Amino acid sequence: MVARIFRPSRTAMQSGKAKTHHWILEFEPEAPKAVEPLMGYTSSRDMRSQVRLTFETKEQAIDYAERNDILYRVEEEQTPKRVRVAYSDNFKYDRRQPWTH
């Protein structure tokens with residue numbers, strides 16, 4: 001029973017940062033999911049895969065895992081690299097790729 005402690009990244013569908021401020025403790029699956037042959041549902045016998053706990057800080061999540069004797073792995077958050085680009089850069093004389101319009 002190994003848990004993963006991480007801070008979720010923002011969704012690709014929106015530019016907002018909602019639901020990215022908390023740390024999450026989530027158990028890694030112990031068995032792969034299987035397709036039920038009659039109806040085609042995806043199922044699993046692993047009940048821990050449904051548990052997802054949220055914490056305010058990384059230290060609270062680690063403390064919870066240690067108090068309950070849960071093996072854990074911490075994935076450090078990765079800050080996105082912001083590239084500042086101006087509209088006028090499209091028309092620069094020394095541009096890497098020539099402007100084709």
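The structure presented is a predicted model; accordingly, all values stated were derived computationally and were not measured.
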Side chain of R10, backbone of A18: donor and acceptor closer than 3.5 Å? no
Give me each pair satisfying ring pair (Phe, Tyr, Trp, His ring centres under 6.0 Å) with a member in residues 35-60, each pair once, sequence neighbours excluded. F55-Y64
Tell me every residue that passes side-chain hydrogen bond (donor to acceptor under 3.5 Å, both in side chains) with R48, counting only those two or more places apart in sequence or in another chain. E30
For E36 against M39, the heavy-atom pair lying closest together: OE1-N, 2.8 Å
Correct closest heavy-atom pair for S44 and A31 would be OG-O, 4.4 Å
Cluster overlap F6 with V51, hydrophobic side-chain contacts below 4.5 Å: no
Scan residues 17-40 for pairs that pass ring pair (Phe, Tyr, Trp, His ring centres under 6.0 Å), counting only residues two or more places apart or in two chains. none
List in chain and number order the residues that pass side-chain hydrogen bond (donor to acceptor under 3.5 Å, both in side chains) with K58, two or more places apart in sequence or in another chain; answer none if no residue qualifies. E76
Please list, chain by chain and in numerical order, all residues satisfying side-chain hydrogen bond (donor to acceptor under 3.5 Å, both in side chains) with R82, sequence neighbours excluded. none
For Q78, does the CD atom have more than 12 heavy-atom neighbours from other residues, nucleotides or ligands under 6.0 Å away? no
Listed by chain and number, what are the salt bridge (charged side-chain N to carboxylate O under 4.0 Å, His left out) partners of R45, not counting sequence neighbours? none
With L25, which of I62, I5, N68 fulfils side chain to side chain contact (heavy atoms under 4.5 Å, CB included)? I5
Linking I/L/V/M/F/W/Y whenever any side-chain heavy atoms sit under 4.5 Å apart, do I70 and I24 land together? no
